[in-house]
Amino acid sequence: MKLPKLLLVLLLSLPHLALPFRHFALPSRPLTSLKVMNADRAEVETTTPPGIAQPPKLVQRWRKSTKQLATLGPASNTKEMIEKLFLSGADVFRLNFSHGSQEEKLVLLNTIREIEEKYSHPIAILGDLQGPKLRVGQFSSVDGVKLETGSTFRFDLNEAKGDSNRVMLPHPEIIEASEVGHVLLIDDGKMKMTVREKGEGFLECFVDVGGKIKDRKGVNTPDSVLEISPLTAKDRSDLEYMLKIGVDWVALSFVQQAKDIVEINELIKEKLPKGMAKPAVMAKIEKPSCFFGNELENIVDLCDGIMVARGDLGVECPPEDVPILQKQIINACKECGKPVVVATQMLESMIESPTPTRAEASDVATAIFDGADAIMLSAESAAGDFPVESVEMQQRIINRVEADPDYIKNLNTSSDSKTTDPTDAITLAARQVANSVAAKSLVCFTLRGSTVLRASKGRPSVPILAITPFKNTARQLALSWGVYAAVTETEDDEFATVLRNACRAALQKGLVTNPDDLLVVTAGLPFGTPGAANVIRVVPAAGPECWDGVCRID
């Protein structure tokens with residue numbers, strides 16, 4: 001009787017049947033001590049009997065599945081502060097190109113790379129493009145004008161300075177796209193107007209909510225899709241600079257439709273310097289047009305990750321809709337296995353206070369319960385008085401939520417076990433094996449991260465150790481839920497050698513603490529096949545040599 005292929009693979013993964021590894025060449029030098037540098041740079045030395053490997057007890061830097069992004073700015077632009085944020089829990093640093101010079105961003109990037117090297121832990125760097133800024137023109141009075149509710153006001157293309165009746169709107173695409181009945185929001189939604197009449201080069205509006213309007217105040221168009229590129233001349237310059245210095249993620253602002261993702265991908269392909277790794281593209285969802293028809297699904301499909309930019313989204317959408325849209329975005333990303341970040345006003349009060357409001361803590365917890373891969377800090381870490389405390393508070397909330405029985409229960413029921421894809425089937429089987437044997441970690445060998453993303457999509461109950469030969473892959477995976485990435489270089493591609501490197505990485509990451517701890521390993525053979533997983537192995541933490549009854553690592 002022939003065994004099903006998947007069952008045969010599982011049987012071959014058992015130690016007593018792993019014949020190819022019985023003659024693995026062991027190091028001749030007996031292991032008497034082992035030094036490992038943990039993430040806090042504290043050397044831990046353990047003495048062991050000759051020939052027996054005992055993983056050291058590590059002081060773990062942190063253990064969590066949900067990742068943290070911290071924006072750098074005036075409050076966090078020194079090496080000392082960036083290092084503190086990293087040790088407090090930051091997995092990704094955001095460089096906001098809306099502020100400061102390109103040269104300042106390079107200094108920050110180099111500093112992050114130094115910290116990464118010091119702690120031998122991949123850190124992702126996200127470059128955030130500013131995007132178009134739609135603003136009104138100037139007024140005759142430096143104080144602007146006050147518009148009463150119920151009055152009328154005109155926007156036009158006349159360059160003359162404005163008064164209480166009109167002002168220039170230097171964006172003809174807004175006039176072109178607006179229709180009678182469409183809403184215009186001024187100054188982050190503080191004022192609301194409805195288009196009553198449209199003519200050549202002007203919009204006559206009814207003032208629904210009055211207030212003071214001043215020079216260069218922002219304009220939002222929640223009802224219109226503007227025929228405008230999300231990439232301004234400044235953005236194109238910043239993007240080219242990002243590609244040159246080697247950021248890991250690029251966040252695109254002002255995404256309206258899926259074609260915006262196509263545009264930036266084509267530009268990256270055209271401008272990427274030879275020999276540089278392609279950054280992953282993150283779409284910032286901040287426009288209602290992203291939810292028209294199937295647009296959200298198309299955007300998620302084309303990009304590498306999503307940011308729920310709740311600040312601008314909350315301006316253009318009713319506040320009561322934002323929590324629902326947040327869940328909708330997160331679910332769409334989880335369905336496709338794309339990382340999703342929840343951002344803006346997460347711990348807003350901690351800009352000036354060492355503790356958040358209880359409502360903010362609940363908001364952060366909700367994003368975690370919803371299944372976000374990461375949560376972000378903006379002004380809290382960039383310009384606030386308590387950047388380190390903000391990162392620490394996020395981590396405390398993450399740890400509390402991830403220890404909650406309801407959260408764990410949701411993880412166990414959220415993954416879809418129905419699949420016809422062989423790689424997904426292997427990943428699912430590996431997750432089930434890990435649960436059955438109480439493994440400490442799920443290990444995935446990957447080139448570009450696709451198999452690791454599939455494992456993360458299933459939200460396994462154990463950490464995912466991503467083993468890759470590429471630094472840029474390891475850095476990009478720092479954003480993904482539950483993933484600990486490690487870069488390993490091997491002299492050969494023998495599976496046993498790679499397995500031994502995986503065991504070393506698990507030890508160094510603090511994912512295992514005992515030689516008998518088990519790891520469930522998935523890989524694609526032959527090595528070098530992107531996106532493939534066709535093998536499962538169960539190995540003890542001390543390495544495949546232990547299958548012969550000798551536990552020794554060098």
Side-chain angles (χ1 to χ4, degrees), residues 1-21 55 63 65 334 337 371 402-446 451-467 480-484 495-496 498-500 502-503 505-507 509-525 532-549 551:
M1 181 178 66
K2 293 184 178 181
L3 291 172
K5 288 185 179 180
L6 182 57
L7 179 58
L8 182 60
V9 169
L10 292 176
L11 288 174
L12 289 174
S13 72
L14 297 176
H16 68 280
L17 293 177
L19 298 178
F21 301 100
R63 285 294 297 275
S65 294
K334 288 169 62 179
E402 292 184 350
D404 184 79
D406 285 338
Y407 180 81
I408 298 171
K409 181 180 178 181
N410 289 338
L411 289 183
N412 295 333
T413 59
S414 63
S415 58
D416 185 5
S417 61
K418 296 179 181 179
T419 179
T420 58
D421 182 85
T423 297
D424 286 339
I426 288 290
T427 303
L428 173 62
R431 194 163 67 244
Q432 293 171 340
V433 171
N435 290 335
S436 298
V437 302
K440 295 295 185 180
S441 179
L442 183 63
V443 182
C444 296
F445 293 97
T446 185
T451 53
V452 176
L453 292 177
R454 288 175 171 183
S456 177
K457 172 185 175 182
R459 298 299 194 253
S461 58
V462 295
I464 303 165
L465 176 60
I467 305 295
S480 296
W481 187 97
V483 176
Y484 290 74
F495 192 28
V498 180
L499 283 176
R500 185 170 59 178
C503 293
L507 182 69
K509 297 288 183 185
L511 303 179
V512 294
T513 57
N514 188 290
D516 296 326
D517 288 340
L518 295 179
L519 303 171
V520 176
V521 181
T522 67
L525 296 180
N534 51 27
V535 170
I536 299 176
R537 288 286 189 270
V538 179
V539 296
E545 296 87 339
C546 284
W547 293 351
D548 279 333
C551 298

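FYI, the numbering just counts along the sequence from 1. No experiment lies behind these values; they were computed from the predicted model shown.
Taking every heavy atom of both residues into account, I464 and A455 meet most closely at CD1-C, 3.7 Å. Across L442 and V462, no two heavy atoms sit closer than the pair N-CG2, 3.8 Å. Between I408 and A403, the shortest heavy-atom distance links the atoms CD1-O, 4.2 Å. Heavy atoms only, all atoms of each residue included: C503 and P540 are closest at SG-O, 3.5 Å. Heavy atoms only, all atoms of each residue included: R454 and D424 are closest at CD-OD1, 3.1 Å. Shown here for A429 and I536, the closest heavy-atom pair between the two residues is CB-CD1, 3.8 Å.
Although no hydrogens or angles enter the test, the distance criterion places a donor-acceptor pair under 3.5 Å between the side chain of R459 and the main chain of G371. No side-chain donor-acceptor contact under 3.5 Å links S456 to the backbone of V452. Not one N or O on the side chain of S441 forms a donor-acceptor pair closer than 3.5 Å with the backbone of L519.
Of the inter-residue distances, the one linking L411 atom CG with S461 atom OG reads 8.5 Å to the nearest 0.5 angstrom. We find the CG-CG distance between L511 and D517 to be 10.0 Å, quoted to the nearest 0.5 Å. With rounding to the nearest 0.5 Å, the separation of CH2 in W481 from CD in E402 is 6.5 Å.
Residues T522 and T427 are not in side-chain contact: their nearest non-hydrogen atoms beyond the backbone lie 4.5 Å or more apart.
With L465 as the partner, the side-chain contact (heavy atoms from CB on, under 4.5 Å) test is satisfied by one option alone out of V443, V512, V521: V443.
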